[in-house]
Amino acid sequence: MAEYVGALDQGTTSTRFVVFDREGHIVSVAQKEHRQIYPQPGFVEHDPEEIFSRSVEVMREALEKGGINPQQLKAIGITNQRETTILWDKKTGKPVHNAIVWQDTRTAEICEKLAGDEGIYRFQQKTGLPLATYFSGPKIRWLFDHIPGLFERAKKKEIAFGTIDSWLVYKLTGCHVTDVTNASRTLLFDIRRLCWDEEMCEVLGIPMEILPEVVDSSHPEAYGKLSREILGESIPVTAVLGDQQAALFGQTCYEVGEAKNTYGTGCFLLVNIGEKVVFSTRGILTTVGYRIHGENAVYAMEGSVAIAGALIQWARDKLGLIEKAPQIDELAMKVEDSGGIYIVPAFSGLFAPYWRSDARGVVVGLTHYTNRYHLARAILEATAYQTREIFDAMMEDAHINLKELRVDGGMVVSEPLMQFQSDILGIDVVRPRVTETTALGAAYAAGLAIKYWQDKKELRSHWQIEKRWQPRLDAATREALYRGWKKAVTRTFNWVE
Ligand SMILES: Nc1ncnc2c1ncn2[C@@H]1O[C@H](COP(=O)(O)OP(=O)(O)O)[C@@H](O)[C@H]1O
Ligand SMILES: O=P(O)(O)OC[C@H](O)CO
């Protein structure tokens with residue numbers, strides 16, 4: 001009977017369960033979307049119960065579709081949208097509020113007050129992060145400020161906090177834990193000592209009683225086993241990683257200086273910086289990359305872009321420009337360029353390298369000449385330009401000089417985007433055979449924990465290029481286009497007063 005490893009990938013827009021074989025090939029996959037809840041401008045929520053239900057459904061469906069017996073699953077890895085925050089009642093297991101999603105900007109005021117005169121990098125040397133609405137700590141604070149009696153219940157140990165990984169593990173196995181990569185996105189975690197930080201909890205007014213135990217990303221026992229009612233077998237959960245760190249692991253970026261860029265709802269460029277922390281002076285984050293049981297933690301620098309594929313969803317759902325995501329490529333390919341327009345999608349303010357919560361989206365350069373094909377092209381190009389910005393900042397901060405960029409995620413099927421990405425970076429862009437690298441990374445980490453795979457060398461041997469794009473633009477045109485983008489970005493600033 002063949003043996004497999006499964007990965008549950010709980011993303012911002014959908015949840016997937018992917019079953020992999022020993023060569024890292026996909027054997028079966030199932031995917032389901034969940035509701036995006038927008039109660040008011042700037043607020044983004046998910047229903048934690050719905051996320052849990054979708055997770056169980058995709059696990060069952062993937063096994064059924066692939067004709068796989070649960071006994072054939074030797075381990076499960078979990079990977080997740082990071083920072084999204086849930087508080088639940090320990091007795092009933094019921095969430096006290098919807099999950100506050102990473103894109104939500106309701107904590108702008110909390111962050112501003114905390115930054116005070118010292119500025120947003122006040123806690124960077126400890127947490128690796130700027131004070132921004134993106135991270136979990138301020139979201140927890142907001143819940144305590146808005147739900148009467150919650151703080152007192154938390155002090156009495158009646159309330160648990162978790163990012164999505166923690167919530168899912170709790171519901172699937174009963175353990176209240178998280179891994180070092182997810183913990184490193186909360187603003188409550190000391191990334192050097194690899195533990196919750198008392199001072200940060202005090203500054204944010206968060207009782208430490210609510211926090212999960214932090215464990216290695218890949219661990220044979222720490223995450224427990226699936227309760228039998230989920231799949232009928234108590235399969236061990238042996239890995240948890242935030243989705244961007246999982247993609248780094250799945251792209252087998254195990255050496256210092258190796259990097260990947262994932263194009264999903266947002267876009268996240270991560271480079272492996274090894275076992276020592278390095279801090280950015282250009283708006284790049286320092287974060288835990290992964291920690292395999294029995295090994296030292298490996299760190300990463302990260303350029304985070306809030307809106308990438310989300311802009312295409314917006315063009316579909318709010319603008320009615322397209323009916324399905326791939327149509328954006330068809331429209332964009334009808335023109336050579338964007339006709340001089342730029343769209344800067346600062347819907348959640350701007351993340352790296354700016355960290356400006358006062359920014360809001362703009363379209364600039366409109367003339368009578370502009371048509372919907374130009375608009376489609378500008379929508380795709382926005383992701384490539386944002387990547388160029390974080391790429392440049394990161395190359396300087398991490399002192400590396402990448403010759404090519406490994407890509408993955410839902411948007412990398414887009415030919416015009418991939419070509420323009422290579423054009424605007426001036427380097428090759430390479431897409432691997434398996435683009436479900438987030439799920440693959442979680443499966444790899446889970447498989448390593450039980451010796452399904454022996455070591456990282458074995459994992460590396462699976463990685464293969466499927467397609468390569470090379471730059472076609474001359475340097476002068478490239479830089480002129482990029483100057484236009486930088487100018488467009490300045491037009492988004494100071495919009496929210
Ligand atoms: N053909 C396409 N061209 C460009 N973008 C696409 C295409 N197909 C899907 N996308 C975008 O990819 C994103 C989904 O990627 P995925 O990696 O599944 O995201 P997540 O993990 O954030 O939920 C969506 O935002 C969607 O708009
Ligand atoms: O759901 P994704 O793939 O867009 O990833 C979201 C990130 O983890 C947010 O930090």
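Just follow the structure's listing: the first ligand is 1, and inside any ligand the first atom is 1.
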* To do: Starting from atom 22 (O) of ligand 1, find the nearest protein heavy-atom neighbour and note its residue, name and distance.
  => Thr265 OG1, 2.4 Å

* Kindly say whether the aromatic ring centers of Tyr263 and Phe268 come within a distance under 6.0 Å. => no

* Structure fact -> Out of Gln244, Glu330, Met411, Met418, the nearest non-hydrogen contact to atom 11 (C) of ligand 1 is supplied by Met411

* To do: For Arg472, look at atom CZ and say whether over 12 heavy atoms of other residues, nucleotides or ligands are found less than 6.0 Å away.
  => no

* Structure fact -> Output for pair (His25 NE2, His462 NE2), nearest 0.5 Å, gives 8.0 Å

* Asked: Which heavy atom of the protein is the closest neighbour of atom 15 (O) of ligand 1, given with residue, atom name and distance?
  -> Gly410 CA, 3.2 Å

* At a non-hydrogen distance cut-off of under 4.0 Å, which region of Val413 contacts ligand 1 (side chain, backbone, both, or neither)? -> side chain

* Structure fact -> Nearest non-hydrogen protein atom to atom 27 (O) of ligand 1, with distance, is Gly309 O, 3.2 Å

* Asked: Quick check, are the ring centers of Trp88 and Phe161 under 6.0 angstrom apart?
  -> no

* Asked: Under 3.5 Å, N or O to N or O, is Gln31 touching ligand 1 that way?
  -> no

* Answer yes if the side chains of Gln36 and His46 hold a donor-acceptor pair under 3.5 Å, and no otherwise. => yes

* Gln81 to ligand 1, any heavy atom closer than 4.0 Å -> no

* Pick out which of Gln251, Arg431, Lys260 makes a side-chain hydrogen bond (donor to acceptor under 3.5 Å, both in side chains) with Asp408. => Gln251

* From the options Ile78, Thr181, Ile76, Ile164, select the one residue that forms a side chain to side chain contact (heavy atoms under 4.5 Å, CB included) with Val240. => Ile78

* **Crowding at CD, Gln464 (>12 non-hydrogen neighbours, <6.0 Å)** => yes

* Structure fact -> Quick note on ligand 1: atoms under 4.0 Å from a heavy atom of Thr12 include exactly 23 (O)

* Starting from atom 21 (O) of ligand 1, locate the nearest protein heavy atom and write down its residue, its atom name and how far away it is, to 0.1 Å. => Arg16 NH2, 3.8 Å

* So which protein residues pack against ligand 2 under 4.0 Å, heavy atoms counted? -> Gly11, Thr12, Gln81, Arg82, Glu83, Trp102, Tyr134, Asp243, Gln244, Thr265, Gly266, Phe268

* Would you check, one step at a time, whether the test salt bridge (charged side-chain N to carboxylate O under 4.0 Å, His left out) holds for Arg82 with Asp243? => CA-CA 7 Å; Arg82 306 161 304 166; Asp243 56 7; 3.6 Å; yes

* Asked: With a 4.0 Å heavy-atom cut-off (strictly under), which part of Glu415 contacts ligand 1: side chain, backbone, both or neither?
  -> neither

* Structure fact -> Per-atom filter on ligand 1: closer than 4.0 angstrom to a heavy atom of Gln313 are 24 (C), 25 (O), 27 (O)

* Asked: Quick one: nearest non-hydrogen protein atom to atom 23 (O) of ligand 1, plus distance?
  -> Thr13 OG1, 2.6 Å

* Asked: Is the distance between the ring centroids of Tyr121 and Phe279 less than 6.0 Å?
  -> no

* Asked: By number and element, which atoms of ligand 1 are closer than 4.0 Å to a non-hydrogen atom of Ala310?
  -> 25 (O)

* More than 12 heavy atoms of other groups within 6.0 Å of Lys65 NZ -> yes

* Considering only heavy atoms, does Asp329 approach ligand 1 within less than 4.0 Å through its side chain, its backbone, both, or neither? -> side chain

* **Residue pair Glu45, Tyr38: steps toward the side-chain hydrogen bond (donor to acceptor under 3.5 Å, both in side chains) verdict** => CA-CA 6 Å; Glu45 298 180 357; Tyr38 304 112; over 6 Å; no

* Examine Phe351 together with Tyr134 and report whether their ring centres are nearer than 6.0 Å. => yes

* Nearest-neighbour protein heavy atom for atom 8 (N) of ligand 1, which is reported as residue plus atom name and distance -> Ala325 CB, 3.5 Å

* Should you measure from each heavy atom of Ser414, which atoms of ligand 1 turn up under 4.0 Å away? -> 3 (N), 4 (C)

* Asked: So, for Phe20 and Tyr444, is the gap between ring centers shorter than 6.0 Å?
  -> no

* What do the steps show when you test Arg35 against Glu50 for salt bridge (charged side-chain N to carboxylate O under 4.0 Å, His left out), and what is the final call? -> CA-CA 8 Å; Arg35 273 179 313 139; Glu50 185 188 6; 3.5 Å; yes

* To do: Please indicate whether any nitrogen or oxygen in Leu380 is less than 3.5 Å from any nitrogen or oxygen in ligand 1.
  => no

* Asked: Does Ile312, backbone or side chain, put an N or O under 3.5 Å from an N or O of ligand 1?
  -> no

